[in-house]
*Asks:* 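I'd like to ask you about the structure that follows.
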Amino acid sequence: VWKFILMENAICFLSKISSLEYNISVLHCVPSMCYNSYFRQPLNILYSSKKQQKSSDSNGEVTEEAEALIIKPSQRSSEASLSKVLYKTFGPYFLMSFLFKAAHDLLMFAGPEILKLLINFVNNKSAPNWQGYFYTGLLFVCACLQTLILHQYFHICFVTGMRLKTAIVGVIYRKALVITNSARKTSTVGEIVNLMSVDAQRFMDLATYINMIWSAPLQVILALYLLWQNLGPSVLAGVAVMILLVPVNAVMAMKTKTYQVAQMKSKDNRIKLMNEILNGIKVLKLYAWELAFREKVLEIRQKELKVLKKSAYLAAVGTFTWVCAPFLVALSTFAVYVKMDENNILDAQKAFVSLALFNILRFPLNILPMVISSIVEASVSLKRLRVFLSHEELDPDSIIRGPITNAEGSIVVKNATFSWSKTDPPALNSINFTVPEGSLIAVVGQVGCGKSSLLSALLGEMDKKEGYVVVKGSIAYVPQQAWIQNATLEDNIIFGREMNESRYKRVIEACALLPDLEILPMGDRTEIGEKGVNLSGGQKQRVSLARAVYCNADTYLFDDPLSAVDAHVGKHIFEKVIGPKGILKNKTRVLVTHAVNYLPQMDTILVMTDGEISEMGSYQELLKQDGAFAEFLRTYANAEQNMESSDANSPSGKEGRPVENGVLVNEAPGKLMHRQLSNSSTYSRETGKSQHQSSTADLQKPLAEKNSWKLTEADTAKTGRVKATVYWEYMKAIGLYISFLSIFLFMCNHIASLASNYWLSLWTDDPVVNGTQQYTNVRLGVYGALGISQGIAVFGYSMAVSIGGIFASRHLHLDLLHNVLRSPMSFFERTPSGNLVNRFSKEIDTIDSTIPPIIKMFMGSTFNVIGACIIILLATPIAAVIIPPLGLVYLLVQRFYVATSRQLKRLESVSRSPVYSHFNETLLGVSVIRAFEEQKRFIKQNDIKVDENQKAYYPSIVANRWLAVRLEFVGNCIVLFAALFAVIARNKLSPGLVGLSVSYSLQITAYLNWLVRMTSDLETNIVAVERVKEYAEMEKEAEWSIEEAAPANTWPEEGKVEFRGFGLRYREDLDLVLKNINITINGGEKIGIVGRTGAGKSSLTLGLFRINEAAEGEIIIDGINIAKIGLHDLRFKITIIPQDPILFSGSLRMNLDPFDQHSDEDIWRSLELAHLKNFVSSLPDKLNHECSEGGENLSVGQRQLVCLARALLRKSKILVLDEATAAVDLETDNLIQSTIKSQFEECTVLTIAHRLNTIMDYTRVLVLDRGEVVECDSPDNLLQAKGLFYSMAKDSGLA
């Protein structure tokens, strides 16, 4: 039977889903278009005639919508109204729910009326039996009708809610693709992701409640009318109590709103910080800064918990008023009724019909505050959305694109001035230049002079203040920091274009990617991780270049793509791609570069200084002018000049083919492949062949395991029941004492409630003497006392649960944060940041604010159901026959449903992660997407991902409805039997007991429904605890500090580093990446480390910092084996200037010194030595200058200098330079080198060198090949030895 039912449901799911997808696609386009057309030109539309409007917008229907939207508000305000758009889109379907709701409300009142007839029947001994059976049947039929209508109504509400959410996510995504950079500053990635997850969810929740706004008052009025008929004017006493409670609830709703806003703010900040920590985790580990950032997160979290605590107290008071309201109402009404007149007799009919009506009243009164607060939350979200959607957008017309008839040139810029936002001072002033079609232009200049800004301006990313800019045809753009998608390598290159095999091959060859493809485990089908984690910097840059070349645009903008690759690869790329003989020779190319040696081949050179073009002309002309440029050349060209001559006859230019020989290592199946390829690639001659075979052979072994190359671990769905241990963990997090206390208080509350109702039934059965009842006062007093004790218990348990919940969320967040920060680097490389951010936002939010109220309701419903059963059994013991079988059916249905619903919920949350990951990725690469004009494809991808998510969500809605109908049927059977047995045993029963048992059974339907809903909610939400705990069991790094083994404060004193038989591997079952390295570096030596790509240069530094632990041998620094001391003790004492300069958002000062250990003088001195002093002192806030997320508002070169300043500030004995000078122009490079020479004179310096000329004056050079030391001597001796070093020097034109 079960299987059959499931099949039947599955079929109806599927038919509904297919229609749903259609709906969603329709939905997606409507609001966003109205929205955008509305925001883009608010004013000129308002007054334009209809004809113009039509022509400006090709979609006819949408225009009508937009017009309707636009013309109306013009009288009041020119602000767009999001709510109107939503209403227009979803209103018509939603309105059907009104009819269902109204029908259901009317049927609700049939129950009490039939109960009245039933009690009269029991009282009247002479009535025929068929009446009783008729009333019983009527009661049952009404109940069943009510069930069916209600769930039809809910279905409509939920589906509307889901569509609302989809539409909002779609609009946010589309908007994120068009907002300006300045708007991006005000809405960080974290905030936009929150808009998508939290705020869109709020609308979904609201859709289910919104009808209560009219339905609740309707129910209240009907109930009061029937009560008046029953009890007369004394009802007014009850009404007075209710009216008094309304302002209390209103005040609480207002308070809750303010807390909500405060909490959202803290949460945004926390997620933003977490996002950055996860993006820059490698830097945090190298600098041992985890603790400083942990403190920063906890500080924000502390604020958040403070607000949560206040909300918890409020919630406790709220629960108290809601639970006690119905009781107080009943008490005051009965008291007034009995006291008003001696002859007013409280008999069964009056008491229990009134109680049934009061129970109906209880629901609308409870739900109203919830609805109000839900509306309040949604209005906060609406406002946040409106602010985001009204951000200024990039003006698509500021740059004229497309074919231009008069052939001035393919890029024409006249008197153009650009700034990053409307309010900022201009970053580029009066720019004038023309680029003839098919020419090659170089843009050169100092760090931070506006080279990248110039390209951004041509792409339309900046705000044009004045002037005229034309860019002809399509554009391809290569950014300075390559943006790589989480997709296969091939997808990254093709980037949504058609596949053209021959062209694809040519592009890959020209971009020197062939050798990389041979190394990657599945060639171009290899999946690249988020942000390109499994490619080296050079490979990322070449993939980014290949993407541009493949798309065959008319105009190419290159932002320094050659800096991340080695000199000879750069040369290969220049010759084959960019230069006069390259693939692109007939295209227009603008190249920002620091490399002097390519300048003679340029058609024109633009020299930039401080946002202006100071000189332009061909190489020869600029030399003749003898201006700043000539000066610049004379200084830097000497080293690189002779390269041209030596290369003409060297074989490398002709037959050699580039081999990037990375040692690739495959992690366990399903784990990330770790690769350590340093940022370079080389031409290898004799060694090339044999090397290659060996490296591919290594790869074959692990590849045999099926599915061993899946890079990032998807967010997994756990299956099966939530284990009891999870609940136990949560109870421990709350504190066992509080847990048991709250359970005890729950029991007290329900015992008091049952007792008071039983007491009422005894009261109504008091005999009537001379038209009055005796003992009225005693009965009333006890009834009141029981009620008050009930209230006290309620207050107690709701305090206990709320406070316990806060303890739990503090504890769980602390654990999660600590565990994530303690995880080794490999964990971050294989876990997409989306998953982690999801844990910190969604799961923690659930633990904070969803679980405690659910626990309260769960406990409440459990005890309510048990109580109702007890009362029915007391009244009609024969019901004992029927309750167990019904209970069994109930349990079966419930288990069957909960299993399905839980799995659907898990699938839904797993399919939610890709939506965020994709969104995050889009935000990072938005300028590339715009440059290639790929917005449509990305929007479509986003829609597909959202639809995937809805496919899991929609069945869960339907499953809920399925369950509710079946359960309520069980409840309705209980009503049927309670009434039936009462009719059968009418002669033995007192009317009081009949009233009691039937009125309880009328409630049981609602309780059962609630109970299952709460059980499944509890199960689905407690999954959050499970997922947060998941990371506690992950592998950890070594201890951060070990007391016993901590070295002296002054260690290392001389900075002597010894490698003894040192070997390193990335995973147990793989070959060593470094093997038997034996070398002693004396204190104060300057060592250059060189070698072909994959020779193990970077691996050496990873070993030194213990990012990967040694596989064999040891590293000794000043007599201490580094493996024996804590990681922080080690990492604080060595300084690295890493490859990618990463900054965190916060003040510049915090970026230099997060622990606040240094004085301002020290910081200024380090900035001066890093040549940043002039720049920083020119900033309005000096050291407190806010860096934006990822340091976006400094140029890459400036960021590199900030990293240098960090190193100067730490001034440790050992300094490691990891190819730090790749993104810097030659002048800055020289500054850095000279600073290092002078400031780190006493220190040991290890440099992984890109440009050999930087290490020619070092004491020794260490040449690595395939993880072994091949040569180690002073540079001069090595050149004479004519070995590997000599051939590399020759390639770079230094020998």
*Asks:* So how far is it from L1011 CG to M859 CE, rounded to the nearest 0.5 Å?
*Replies:*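 Reported to 0.5 Å precision, the distance equals 11.5 Å.
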
*Asks:* Rounded to the nearest 0.5 Å, what separation is found between the NZ atom of K255 and the NZ atom of K310?
*Replies:*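 The NZ atom of K310 is 8.0 Å from NZ of K255, to the nearest 0.5 Å.
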
*Asks:* Can you name the salt bridge (charged side-chain N to carboxylate O under 4.0 Å, His left out) partners of E191, sequence neighbours left out?
*Replies:*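 With sequence neighbours excluded, E191 shows a salt bridge (charged side-chain N to carboxylate O under 4.0 Å, His left out) to no residue whatsoever.
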
*Asks:* Go through the side-chain N and O atoms of N1021 and T846 and say whether any donor and acceptor fall under 3.5 Å apart.
*Replies:*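 No, because no side-chain N or O of N1021 sits under 3.5 Å from a partner of the opposite role on T846.
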
*Asks:* Taking K265 first and then E304, would you say they form a salt bridge - that is, a charged N and a carboxylate O separated by under 4.0 Å?
*Replies:*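 No, this pair does not count.
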
*Asks:* Any Lys/Arg nitrogen of K951 or E948 sitting under 4.0 Å from an Asp/Glu carboxylate oxygen of the other?
*Replies:*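 A salt bridge is present here (some side-chain N lies under 4.0 Å from a carboxylate O).
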
*Asks:* Taking all non-hydrogen atoms of both residues, which atom of S911 and which atom of V915 are closest, and how far apart?
*Replies:*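 Looking at all heavy atoms of both residues, the closest pair is O-CG2, 3.8 Å.
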
*Asks:* List in chain and number order the residues that pass side chain to side chain contact (heavy atoms under 4.5 Å, CB included) with A378, two or more places apart in sequence or in another chain; answer none if no residue qualifies.
*Replies:*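 Counting only residues at least two positions away or on another chain, A378 forms a side chain to side chain contact (heavy atoms under 4.5 Å, CB included) with L206.
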
*Asks:* Using the test salt bridge (charged side-chain N to carboxylate O under 4.0 Å, His left out), find all partners of R384 that sit at least two apart in sequence or belong to another chain.
*Replies:*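 Once residues adjacent in sequence are excluded, the partners of R384 under the salt bridge (charged side-chain N to carboxylate O under 4.0 Å, His left out) criterion are D199, D268.
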
*Asks:* Looking at every heavy atom in both A176 and F919, which two are closest together, and how far apart are they?
*Replies:*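 In this case the closest contact between A176 and F919 is CB-CE1, 4.0 Å.
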
*Asks:* Can you confirm whether V970 sits close enough to V893 that some side-chain heavy atom of one is under 4.5 Å from a side-chain heavy atom of the other?
*Replies:*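 They are not in contact (no side-chain heavy atoms under 4.5 Å apart), so the answer is no.
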
*Asks:* Identify the heavy atoms of L107 and C142 that sit nearest to each other, and give their distance.
*Replies:*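 Taking every non-hydrogen atom into account, CD2-SG, 4.4 Å.
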
*Asks:* Would you mind listing every side-chain hydrogen bond (donor to acceptor under 3.5 Å, both in side chains) that reaches into residues 90-102, with sequence neighbours excluded?
*Replies:*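 Qualifying pairs, neighbours excluded: S97-N211.
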
*Asks:* Measure the CG-NZ distance between D845 and K267 for me, rounded to the nearest 0.5 Å.
*Replies:*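 Rounded to the nearest 0.5 Å, the CG-NZ separation comes out at 3.5 Å.
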
*Asks:* When you compare the side chain of V958 with that of Y954, does any pair of heavy atoms fall below 4.5 Å?
*Replies:*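 In contact.
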
*Asks:* Could you pull out all donor-acceptor pairs under 3.5 Å where a side-chain atom in residues 221-228 meets a protein atom, sequence neighbours excluded?
*Replies:*
residue	atom	partner	partner atom	Å
Y225	OH	Q229	NE2	3.2

*Asks:* Is any side-chain heavy atom of I375 less than 4.5 Å from a side-chain heavy atom of I213?
*Replies:*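 When only atoms from C-beta onward are counted, I213 and I375 do touch, with a gap below 4.5 Å.
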
*Asks:* So, do H151 and N960 sit near enough that their side-chain heavy atoms are less than 4.5 Å apart?
*Replies:*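 No, side chains not in contact.
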
*Asks:* Could you check D943 against R174 for side chain to side chain contact (heavy atoms under 4.5 Å, CB included), going step by step and ending with a plain yes or no?
*Replies:* CA-CA 10 Å; D943 291 355; R174 287 159 171 73; 2.9 Å; yes

*Asks:* Supply the atom-to-atom distance H155 NE2 to L150 CG, rounded to the nearest 0.5 angstrom.
*Replies:*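 Result: 13.5 Å between the selected atoms.
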
*Asks:* Q260 and T256: side-chain donor and acceptor closer than 3.5 Å?
*Replies:*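 Judged by distance alone, the side chains do not pair up.
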
*Asks:* Could you please spell out the steps behind the side chain to side chain contact (heavy atoms under 4.5 Å, CB included) verdict for M196 and Y173?
*Replies:* CA-CA 9 Å; M196 237 180 178; Y173 188 85; 4.3 Å; yes

*Asks:* Verify side chain to side chain contact (heavy atoms under 4.5 Å, CB included) between K257 and V380, making sure each step is shown before the conclusion.
*Replies:* CA-CA 8 Å; K257 172 184 176 176; V380 172; 4.0 Å; yes

*Asks:* Any side-chain heavy atom of Y797 within less than 4.5 Å of one from F320?
*Replies:*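 The answer is no; the side chains never approach within 4.5 Å.
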
*Asks:* For residues S861 and M1014, report the shortest heavy-atom separation together with the two atoms involved.
*Replies:*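 Heavy atoms only, the tightest pair is OG-CG, 4.0 Å.
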
*Asks:* Between E908 and S956, do the side chains contain a donor N or O and an acceptor N or O under 3.5 Å apart?
*Replies:*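 Their side chains do not contain a donor-acceptor pair, so the 3.5 Å distance test is not met.
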
*Asks:* D105 and S215: side-chain donor and acceptor closer than 3.5 Å?
*Replies:*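 Yes, side-chain donor-acceptor contact under 3.5 Å.
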
*Asks:* Could you tell me if the side chain of I210 sits less than 4.5 Å from the side chain of F94, heavy atoms only?
*Replies:*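 F94 reaches I210 side chain to side chain.
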
*Asks:* Report yes if the side chains of I271 and V193 come closer than 4.5 Å at any heavy-atom pair, otherwise no.
*Replies:*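 I271 does not reach V193 side chain to side chain.
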
*Asks:* Could you go through the ring pair (Phe, Tyr, Trp, His ring centres under 6.0 Å) check for Y153 and F100 one step at a time?
*Replies:* CA-CA 6 Å; Y153 157 73; F100 287 114; 8.0 Å; no

*Asks:* Could you work out, with side chain to side chain donor-acceptor pair (under 3.5 Å) as the rule, every residue matching Y1007, not counting sequence neighbours?
*Replies:*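 Result, side chain to side chain donor-acceptor pair (under 3.5 Å) vs Y1007: Q1003.
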
*Asks:* Closest approach of A316 and F795, non-hydrogen atoms and distance?
*Replies:*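 Here A316 and F795 meet closest at O-CD1, 4.1 Å.
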
*Asks:* Any chance you could measure L195, atom CG, to I172, atom CD1, to the nearest 0.5 Å?
*Replies:*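 Answer for the CG-CD1 pair, L195 versus I172, is 5.0 Å.
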
*Asks:* Counting C-beta onward and ignoring hydrogens, is there a side-chain heavy-atom pair between L907 and Y953 closer than 4.5 Å?
*Replies:*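 Contact flag for L907/Y953 side chains = no.
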
*Asks:* Work out which heavy atom in P852 is nearest to a heavy atom in I847; give both atom names and the distance.
*Replies:*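 Shortest heavy-atom separation between P852 and I847 comes out as CD-O, 3.7 Å.
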
*Asks:* Side chain to side chain contact (heavy atoms under 4.5 Å, CB included) for L967 and Y890? Distances and angles first, verdict last.
*Replies:* CA-CA 7 Å; L967 277 192; Y890 169 80; 3.2 Å; yes

